[in-house]
Structures are given as structure tokens and as C-alpha cells.
Amino acid sequence: MRIELQTYSVSDSNSRGRAIAEPAAKSRSEFQRDRDRIVHCTAFRRLEYKTQVFVNHEGDLFRTRLTHSIEVAQIARSIARALGLNDDLAEAVSLAHDLGHTPFGHAGQDALNGCMQAHGGFEHNLQSLRIVDRLEERYGAFDGLNLMFETREGILKHCSPAKARELGAIGQRFIDGKRPSLEAQICNLADEIAYNNHDVDDGLRSGLITVEQLQEIDLFARHADEVDQLFPAIAPRRRISEVIRRIIDAQVTDILAESSRRIAAAAPVTLADVAVAPALIAFSAAMHEQNQELKRFLRANLYRHYQVLRMTNKAHRIIGELFAAFMADLRLLPPQYQALAAAEGDARAVADYVAGMTDRYAMKEYQRLFSVGQL
Ligand code: MG
């Protein structure tokens with residue numbers, strides 16, 4: 001049974017709609033339709049072969065951008081549904097939020113941003129929007145996916161005022177200092193919950209961090225104690241799963257309580273009220289601090305682990321050299337990107353091409369361009 005949406009949630013009727021008008025969907029809501037368009041797009045399938053923390057080929061069990069995005073969608077949908085908000089929109093934004101990521105995770109984005117300094121920079125968030133607005137070529141009537149305004153707004157998590165001015169209506173809220181929909185706010189926190197928890201899981205699985213180290217972290221230790229009391233003889237892997245599911249549950253439960261309290265205090269009625277209210281979707285102060293502690297731990301012990309940094313270093317080299325080679329001779333680009341360069345500038349087209357690569361495609365392309373004896 002579908003729960004009635006709150007008046008301050010995004011709905012088909014209060015949405016700002018699509019840039020290009022289309023006939024209404026026959027059997028779906030407009031935001032279901034957005035989700036479905038995202039699932040069918042090329043950039044979505046590429047997420048399977050893009051690094052979250054561990055490069056795709058390092059192990060079959062680690063998260064990729066695809067499984068990360070699905071976990072974000074699961075968490076966001078649960079929170080949205082429980083708060084009477086539009087879970088179809090939360091799901092659509094979650095599935096699209098990382099479409100613009102380069103190969104090799106944040107290392108790839110930093111490298112590409114460095115290459116693009118003289119050409120307007122590169123930011124994965126803006127690139128996600130560029131993919132759904134422009135780069136996907138699937139429909140006869142328009143470039144991109146022609147998504148609903150609020151789906152696009154949710155994808156554009158942050159943006160500098162200078163960029164916002166270039167973007168027009170979708171960037172206006174950054175100039176006006178307004179907040180996005182509650183559904184978009186949910187996706188931001190669901191993203192954090194998903195990656196902190198699955199990075200603990202993948203970090204342990206990889207052996208780069210240990211359970212002993214994590215015992216120092218309150219959020220982990222507290223739930224590990226509970227698991228040990230319930231299941232004294234539990235096997236190590238199951239113990240980790242039981243702890244992580246409890247952390248996710250505790251964080252979601254905390255957001256539901258804190259957000260309900262904030263919504264009750266602000267008493268929004270319309271979407272416009274949400275835009276000018278303080279952040280209404282949030283962790284409690286206590287959970288925020290515990291979450292920060294976990295993030296600091298992961299930064300110090302996992303993201304800066306020497307084995308991860310080796311990959312980071314390699315990613316910088318691969319991305320930097322690919323970018324330079326294409327800029328030096330655009331004729332090395334596939335024809336559709338040469339056409340894009342003519343339309344939108346050389347550097348932007350090269351960045352689009354490099355950003356769209358999967359990890360292994362980037363490595364193959366690197367070999368094809370630079371290895372003697374490689375085709
Ligand atoms: Mg993410």
C-alpha cells in the first residue's frame with residue numbers, strides 16, 4: 001500500500017517538470033520514469049567497472065560504483081518512504097548521483113580536474129548532470145535523458161557560484177542560498193551511510209584494516225559488543241556483517257528521529273518552505289560525531305593506506321597522460337568525440353571521453369597509446 005506523500009515532498013503535480021515537454025507516462029509516475037531512464041542509460045552500466053575504493057579487477061567481492069549506487073538507493077528509498085517523501089525521486093537521484101565519476105575513483109577525478117584547470121575544471125557532480133542533460137544519446141527528440149527538474153537538482157549536490165551562473169535555472173539555488181528537496185537531502189546522507197559502511201566491509205575483506213583497529217571506533221565497538229553477546233561463537237565474517245547491518249540500522253533510525261523532529265519544528269507546508277528552512281534531513285549531533293569519527297578512521301587507515309595510494313598514483317599518471325595525448329592530437333579520439341570537440345571545445349570533449357572510461361578501458365587505452373608492441 002502506498003502511503004500518502006507529504007505536501008512538502010516533490011510530486012508529479014508540484015514538479016517543475018522536464019526541459020522538453022513530453023506526454024505523461026502511461027503507467028508510471030514521472031519520477032519512476034526518470035529512474036527507469038537512468039537504469040537503461042550507458043553511463044549507468046559503466047558504473048559496474050568503475051572504482052569505488054578498490055580498482056575493479058582487484059577482487060570480485062569489492063564494491064564498485066554500481067553496487068555502491070544500488071546500496072545508496074536502498075537506504076535513501078527506506079528513509080524517504082518512512083518520512084512520507086517521494087521514494088521514486090530518492091531512488092532516481094541515488095542511482096544517478098555517481099554517473100559522472102571518472103575511472104579510478106577520486107584519484108581519477110583529482111587528476112582530470114588538474115588537467116582541466118585552464119578549461120573550467122572537472123567535477124564529478126557537474127559531470128553527472130552533464131551526462132543526463134547532454135551526453136547520453138538515446139532519444140530522437142533530445143540529447144540526454146530529459147529528466148525532471150528535481151531529479152537533476154538532486155544530482156547537482158554542490159556547485160560554485162561561478163558555475164551556478166553558467167547553469168541557469170538548475171544552478172539558481174546555489175546563488176540564492178536555498179536548499180534542495182528533502183529527497184535530495186536524503187540522498188546525500190544515504191551516500192555517506194553507504195560508503196562508510198561498505199568501506200569498512202571492503203577494508204576488512206581486503207586486509208588493509210583490521211577488526212582490532214576498528215574496536216577503537218565507538219560506532220563499531222558498541223555494535224560488536226551487542227553481536228558478541230547475542231552470538232558468542234559467531235564466525236568472523238558473519239560477525240562483521242552483523243555489526244555493519246546494525247550500524248546502518250542505527251544511522252537510518254537516527255536520521256528518521258532527528259529529521260522528524262526538525263520537520264515538526266520547521267512545519268513546512270510546501271516545497272518552497274523546504275527551500276528556505278534549515279537542513280531538515282540530518283543526523284543527531286551525537287550520531288554526527290560518531291560518523292565523523294568513523295570517517296576520520298577510514299581516511300587515515302584505508303584511503304591513505306600505501307597500497308591504495310599506489311593505485312592513486314598510477315591513476316594520476318594514466319589520466320594525465322591520456323588527457324595530454326588527446327589534447328596534443330585530437331585525431332586520436334573516436335570520431336564522435338572529435339565531433340563533440342568541434343561543438344563544445346577540445347578540452348571538454350577530451351574530459352568527457354576520459355571521464356566516461358571504465359577502469360579497465362582506461363588501462364587498455366593507455367596501453368594502446370603508449371606501449372610498444374600493443375595494438
Ligand atoms: Mg556516492
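Along the sequence shown, residues are numbered consecutively beginning with 1. Atoms within each ligand, like the ligands themselves, are counted from 1 in listed order.
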Any carboxylate oxygen within less than 4.0 angstrom of a Lys/Arg side-chain nitrogen, looking at D88 and R28?
no
Quick one: how many protein N/O/S atoms are under 2.8 Å away from the Mg ion (ligand 1)?
4
Think R130 forms a cation-pi with F122, using NZ or CZ under 6.0 Å from the six-ring centre and within 45 degrees of its axis?
no
Judged by modelled atom types alone, do H316 and D110 share a side-chain donor-acceptor pair under 3.5 Å?
no
Which word best sums up how the rings of F326 and Y353 line up, parallel for under 30°, tilted for 30 to 60°, or perpendicular for over 60°?
perpendicular
Could you tell me the separation between the CG atom of D133 and the CG atom of L145, rounded to the nearest 0.5 Å?
8.5 Å
Enumerate the residue pairs fulfilling ring pair (Phe, Tyr, Trp, His ring centres under 6.0 Å) with a member in residues 146-194, sequence neighbours excluded, ordered by first and then second residue.
none
